[in-house]
Amino acid sequence: MTRSSKADKARQLNTAYALLQRNVAWSAAVQLLSRQFALSERQAYRYLEEAAQLKRPVEVTEATVPITLKLPPSTVGLLRKYSRSSGLTIGAIVTRALNAFLGALKKHG
């Protein structure tokens, strides 16, 4: 699956999730998803089934580039622990932290 199709799938799941949260009838939700994303009704139904299992919307991520970081073992341990408890990937946690840090620098610099 390509990066863009992962983002597409996340958007489709989140739309299905939102429809279910608004108590839209499944038959109507299938039609809406099918039209909005040019899906077959079978595909739309599968997205609804998957969305029904979600506790919250999924994160829509942009394409990523692999990098190597050298971090202290204690920091890595904390990252892994938070990743397990939050359900977020380490990459998502680091991205959020860096975006917050860089955003704060931008405001003060």
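One is the number of the first residue; the rest follow in order along the sequence. Since we're looking at a predicted model, the values are computed, not measured.
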- Item | Partner set under ring-ring contact (aromatic ring centres under 6.0 Å, His included) for Tyr17, not counting sequence neighbours | none
- Task: Report, as yes or no, whether the 6.0 Å neighbourhood of atom CZ on Phe37 holds more than 12 heavy atoms from other residues, nucleotides or ligands.
- Result: yes
- Message: Suppose the criterion is salt bridge (charged side-chain N to carboxylate O under 4.0 Å, His left out): which pairs have a residue in residues 63-90, not counting sequence neighbours?
- Response: none
- Message: I'd like to check Tyr82 versus Leu88 (side-chain heavy atoms, cut-off strictly below 4.5 Å). Are they in contact?
- Response: yes
- Message: Once rounded to the nearest 0.5 Å, what's the spacing between atom CG of Leu33 and atom CG of Leu13?
- Response: 9.5 Å
- Message: I'd like to check Lys9 versus Val58 (side-chain heavy atoms, cut-off strictly below 4.5 Å). Are they in contact?
- Response: no
- Task: Please answer: with hydrophobic residues joined when any side-chain heavy atoms are less than 4.5 Å apart, are Val76 and Leu98 in the same cluster?
- Result: yes
- Query: Among Asp8, Thr15, Asn14, whose side chain to side chain donor-acceptor pair (under 3.5 Å) with Arg11 holds?
  - Reply: Asp8
- Message: Count I, L, V, M, F, W, Y as connected when their side-chain heavy atoms are under 4.5 Å apart, and connections chain through other members. Are Leu102 and Ile67 then in the same cluster?
- Response: no
- When rounded to the nearest 0.5 angstrom, what distance separates CD in Gln12 from CD in Glu50? 10.5 Å
- Joint cluster assignment, Leu54 & Tyr47, ILVMFWY side-chain distance < 4.5 Å: yes
- Side chain to side chain, Trp26 and Leu20, heavy atoms closer than 4.5 Å: yes
- Can you see which heavy atom on Glu59 is nearest to which on Ala92, and at what distance? OE1-CB, 3.9 Å
- Item | Minimum heavy-atom distance Ser34-Ala44, with the two atoms named | N-CB, 4.0 Å
- Message: Would you compute the distance between atom OG of Ser40 and atom CZ of Arg46 and round it to the nearest 0.5 angstrom?
- Response: 7.0 Å
- Closest approach of Val24 and Ala29, non-hydrogen atoms and distance? CG1-N, 3.8 Å
- Query: Can you tell if the side chain of Thr95 reaches within under 4.5 Å of the side chain of Thr64, non-hydrogen atoms only?
  - Reply: no
- Verify the cluster assignment for Ile93 and Leu71: are they in a single hydrophobic cluster under the rule of side-chain heavy atoms below 4.5 Å apart? yes
